[in-house]
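A, B, ... follow the sequence lines: proteins, then strands. Residue 1 opens every chain.
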Amino acid sequence: MTRTLITSAIPYINGIKHLGNLIGSQLPADAFARYKRARGGEVMFICATDEHGTPAELAAAKAGKPVAEFCAEMWEVQKRLSDGFRLSFDHFGRSSSERNRALTQHFAGQLADNDLIAEVDEKQIYSKADGRFLPDRYIEGTCPNCGYEAARGDQCENCTKQLDPTDLINPRSAVSGSTDLEVRETRHLYLRQSKMRAKLNDWIDSKKDWPILTTSIAKKWLNDGDGLRDRGITRDLDWGVPVKRGDEDWPGMEGKVFYVWFDAPIEYIAATAEWADAQGLDDSAWQRWWRTDKGADDVRYVQFMGKDNVPFHTLSFPATIMGSNEPWKLVDYIKSFNYLNYDGGQFSTSQGRGVFMDQALEILPSDYWRWWLLSHVPENSDSEFTWENFQASINKDLADVLGNFVSRVTKFCRAKFGEQVPDGGAYGDAEAAVTDEIATRLKAFEGQMEAIELRKATSELRAIWVAGNEYLQSAEPWAKFKTDPEQAAATIRFALNLIRLYAVLSGPFIPDATATILSAMGDEGAAWPNDLDAALSALAPGHGFSVPEVLFAKITDDARAQMEARFAGA
RNA sequence: GGGCCUGUAGCUCAGUUGGUUAGAGCAGAGCGCUCAUAACGCUUUGGUCGUAGGUUCAAGUCCUACCGGGCCUACCA
């Protein structure tokens with residue numbers, strides 16, 4: 001049996017994510033995980049919240065709460081929302097866990113032992129009023145280049161010039177507005193990933209089947225300028241994994257924490273350990289997914305992420321894994337995504353522009369969002385959400401093509417034969433022809449799912465739904481019922497089995513509808529159609545079923561207009 | 001500035017290593033059906049494949065330049 005380890009980029013803790021974030025990693029990862037499980041594979045699907053860093057501290061301060069308490073609450077919120085979207089994580093962890101603390105410190109110790117850590121003294125801006133060091137972008141001031149007054153310390157958003165915070169005229173803290181700033185010397189640890197450039201480059205070169213988006217970003221970082229640069233992996237913050245060298249204190253690093261991007265990917269491993277802990281299992285249960293010396297040899301590890309996360313997953317994290325000189329599992333395939341835009345612009349948290357996960361679930365069931373998002377996932381370029389497109393897709397694909405098919409077949413059967421699969425007649429040439437067509441399409445669909453080509457997969461699935469309507473039209477059981485009721489019975493028996501088949505195939509995308517349909521068909525445990533002929537005879541004469549409620553209500557023009565107005569933003 | 005991605009029918013997108021009259025869904029038009037969520041089926045109108053050159057027997061596909069859209073550029077994560 002194949003074993004697949006799947007991780008989705010872990011969402012940052014400081015707020016509720018919008019639909020662009022959702023489709024950028026978690027949702028496609030879920031579709032893939034559901035597919036692999038449906039095919040009988042063993043799957044470990046991991047996600048977590050990314051809780052450390054300056055933005056988390058500031059968000060907590062703004063909320064007037066201790067950061068640990070703030071994170072715990074936001075974890076609950078994000079967990080509830082991921083449940084609402086039916087994200088089937090085996091574990092939804094927290095990067096602030098004890099497991100992650102220990103593993104992060106362990107990796108740092110290993111890297112230091114292998115001479116891959118450098119201690120660097122550098123100068124940073126300290127804000128006395130805020131009582132903290134500030135990252136470059138949290139310093140604001142007037143741009144020396146163009147005079148823009150709200151330029152950030154890393155770059156001026158107005159003229160796009162790269163800046164150093166000390167370049168700014170009249171610098172002030174973006175947090176408090178205080179101008180009481182000073183440059184202070186501070187010591188930090190750097191991951192010497194430049195030493196691993198050749199090794200990383202060879203490794204990337206060996207990945208011929210990765211998305212261009214993934215490899216091109218990695219190659220850019222490897223070859224830009226002087227090549228891959230070392231990266232600071234510690235920060236002067238209170239909230240984070242305390243810097244330690246394994247179990248030992250790290251002289252000179254007192255009071256400092258690891259940088260979020262060092263500990264966040266390690267949480268993939270730690271969250272799997274958290275899963276084992278929660279299940280009451282011992283370490284071997286998670287190590288067989290992560291340690292190639294403890295059973296992970298036959299695991300295929302697939303990561304999902306937005307393009308902004310690619311450098312960390314192709315370079316920094318692999319450098320951490322390789323540099324440990326321990327047999328940890330490296331990623332086998334990195335699926336990266338472009339961005340989803342909202343109606344002519346970007347989603348904006350600050351402007352309240354676009355639909356956020358909590359709002360989406362208030363408006364419509366998760367299947368609606370899942371279907372639209374997965375059938376428009378930005379695989380090849382940035383894509384765009386519009387209400388008109390959303391309404392058209394949902395009404396046509398889900399309500400008309402699939403929902404109405406279920407409705408017309410089950411209601412016709414109930415009216416003419418009662419609520420059980422009708423007996424009589426036999427499958428003939430028409431049924432064989434449809435079965436052939438579906439067999440061909442099913443093979444294509446499976447290939448696209450294996451390749452994680454989700455847009456193509458949804459399009460193929462839709463074509464399989466359409467085949468049912470075509471079949472029904474040519475078989476016209478409503479007419480045959482009057483002249484040859486036996487034939488009509490066979491047609492409806494076949495159509496009821498198509499419904500069951502459609503429910504199974506649709507599971508990765510619209511799991512609630514799948515569950516509803518299978519429940520109505522009286523076959524909750526229906527398995528993947530490895531034998532299509534058998535699958536299309538699975539519901540035998542006499543098998544009881546019920547007519548489900550309308551599966552997908554249409555989105556009216558009025559409703560669409562209201563939603564469009566509500567989410568237009570400030 | 002540099003790098004990468006992208007520009008194909010009104011809209012959203014497919015177009016395999018260059019190979020016959022460029023495809024799908026939606027929208028539009030016509031016809032059919034009446035079991036069904038006024039749903040379904042069939043037929044059909046739309047494209048000098050961003051522009052201009054070039055390579056080739058042959059270019060949507062390869063090369064160059066230009067125009068437009070987007071992303072990244074290492075202290076946000």
| query | Using the P atom in both, what is the distance from B:rC42 to B:rG25, to the nearest Å? | reply | 9 Å
| Taking the same atom, C1', in B:rU37 and in B:rC49, what whole-Å distance lies between them? | 38 Å
| task | Please state whether the phosphate of B:rA77, meaning OP1 or OP2, lies under 4.0 angstrom from any side-chain nitrogen or oxygen of A:Tyr259. | result | yes
| message | The side chain of A:Arg462 is closest to which nucleotide in this list: B:rG32, B:rG25, B:rA77? | response | B:rG25
| request: Between B:rU12, B:rA74, B:rU37, spot the one nearest the side chain of A:Arg455, thanks. | output: B:rU12
| query | When you measure from the side chain of A:Phe552, which nucleotide among B:rU6, B:rA77, B:rU37 comes out closest? | reply | B:rU37
| In whole Å, what is the span from the CG atom of A:Leu213 to the P atom of B:rG70? | 17 Å
| Is there a donor on the side chain of A:Gln473 or the base of B:rC42 sitting less than 3.5 Å from an acceptor on the other? | no
| task | Select base, sugar-phosphate, or nothing to describe what A:Pro477 touches, counting heavy atoms under 4.0 Å on all strands. | result | nothing
| What do you reckon, do A:Phe412 and the base of B:rC35 stack, with centroid distance below 5.5 Å and planes below 30°? | no
| For A:Arg152 and B:rC75, is the shortest distance between a side-chain N/O and OP1 or OP2 below 4.0 Å? | no
| request: Could you check which of B:rC4, B:rA74, B:rC72 has an atom nearest any side-chain atom of A:Ser216? | output: B:rC4
| remark: Only residue of A:Trp261, A:Trp210, A:Trp221, A:Phe304 satisfying ring-ring contact (aromatic ring centres under 6.0 Å, His included) with A:His313 is A:Trp261
| field | Nucleotide nearest A:Asn404 (side chain, heavy atoms from C-beta), chosen from B:rC75, B:rC13, B:rA39 | value | B:rA39
| said: Only pairs with both distances under 3.5 Å count, Watson-Crick or wobble alike; so what is the partner of B:rA29 in this structure? | reply: B:rU43
| field | Rounded distance in Å between the P positions of B:rG60 and B:rA22 | value | 9 Å
| task | Report which part of the nucleic acid A:Gly403 touches: base, sugar-phosphate, or nothing (heavy-atom distance under 4.0 Å, all strands). | result | base
| field | Minimum-distance nucleotide to A:Asn469 side chain [options: B:rC40, B:rU37, B:rC75] | value | B:rC40
| query | Does a side-chain N-to-carboxylate-O contact under 4.0 Å join A:Glu379 and A:Lys335? | reply | yes
| said: At 4.0 Å (heavy atoms only), tell me whether A:Thr54 reaches a base, stays on the sugar-phosphate, or touches nothing. | reply: sugar-phosphate
| request: Give none if B:rU48 has no partner; otherwise give the nucleotide forming a Watson-Crick or G-U wobble pair with it, both distances under 3.5 Å. | output: none
| query | Parallel, tilted or perpendicular: which fits the ring planes of A:Trp387 and A:Phe390, with parallel below 30° and perpendicular above 60°? | reply | perpendicular
| field | Side-chain N,O (A:Lys482) to OP1/OP2 (B:rU34) below 4.0 Å | value | no
| said: By nearest heavy atom, map A:Ser407 and A:Asp154 onto RNA chain B; which one lands nearer the 5' end? | reply: A:Ser407
| Using atom C1' of each nucleotide, how far apart are B:rG23 and B:rG32 to the nearest Å? | 26 Å
| Start at the 5' end of RNA chain B and walk down; is the nucleotide closest to A:Asp400 or to A:Lys220 reached first? | A:Lys220
| task | Would you please confirm or rule out a distance under 4.0 Å between OP1 or OP2 of B:rC35 and any side-chain N or O of A:Lys480? | result | no
| query | Considering Watson-Crick and G-U wobble pairs with both distances under 3.5 Å, what does B:rG1 pair with? | reply | B:rU73
| task | Please state whether the phosphate of B:rC72, meaning OP1 or OP2, lies under 4.0 angstrom from any side-chain nitrogen or oxygen of A:Tyr339. | result | yes
| field | Parallel, tilted or perpendicular: rings of A:Phe417 and A:Phe481 (30°, 60°) | value | perpendicular
| query | Distance between the C1' atoms of B:rG70 and B:rC63, in whole angstroms? | reply | 24 Å
| query | At under 4.0 Å between heavy atoms, what does A:Lys411 touch on the DNA or RNA strands: base, sugar-phosphate, or nothing? | reply | sugar-phosphate
| said: What's the gap between B:rA59 and B:rG19 when it is taken at their P atoms, as a whole Å value? | reply: 11 Å
| field | Nearest listed nucleotide, side chain of A:Leu472, among B:rC71, B:rC35, B:rC4 | value | B:rC35
| query | Of the nucleotides B:rC42, B:rG70, B:rC76, which has the atom closest to the A:Glu470 side chain? | reply | B:rC42
| message | Nearest to the side chain of A:Arg229, heavy atoms from C-beta on, is which of B:rA14, B:rC40, B:rA74? | response | B:rA74
| query | Can you find a donor-acceptor pair, distance only, under 3.5 Å between A:Glu379 side chain and B:rC13 base? | reply | no
| field | Conformer about C1'-N of B:rG46 - syn within 90° of 0, anti elsewhere | value | syn
| message | Tell me whether the side-chain N/O atoms of A:Arg137 come closer than 4.0 Å to OP1 or OP2 in B:rC76. | response | yes
| said: Counting the atoms with a prime plus P, OP1 and OP2 as sugar-phosphate, which does A:Asn380 contact under 4.0 Å by heavy atoms, base, sugar-phosphate, or nothing? | reply: sugar-phosphate
| said: Please pick, from B:rC72, B:rA77, B:rC33, the nucleotide with the shortest atom-to-atom distance to any side-chain atom of A:Trp261. | reply: B:rA77
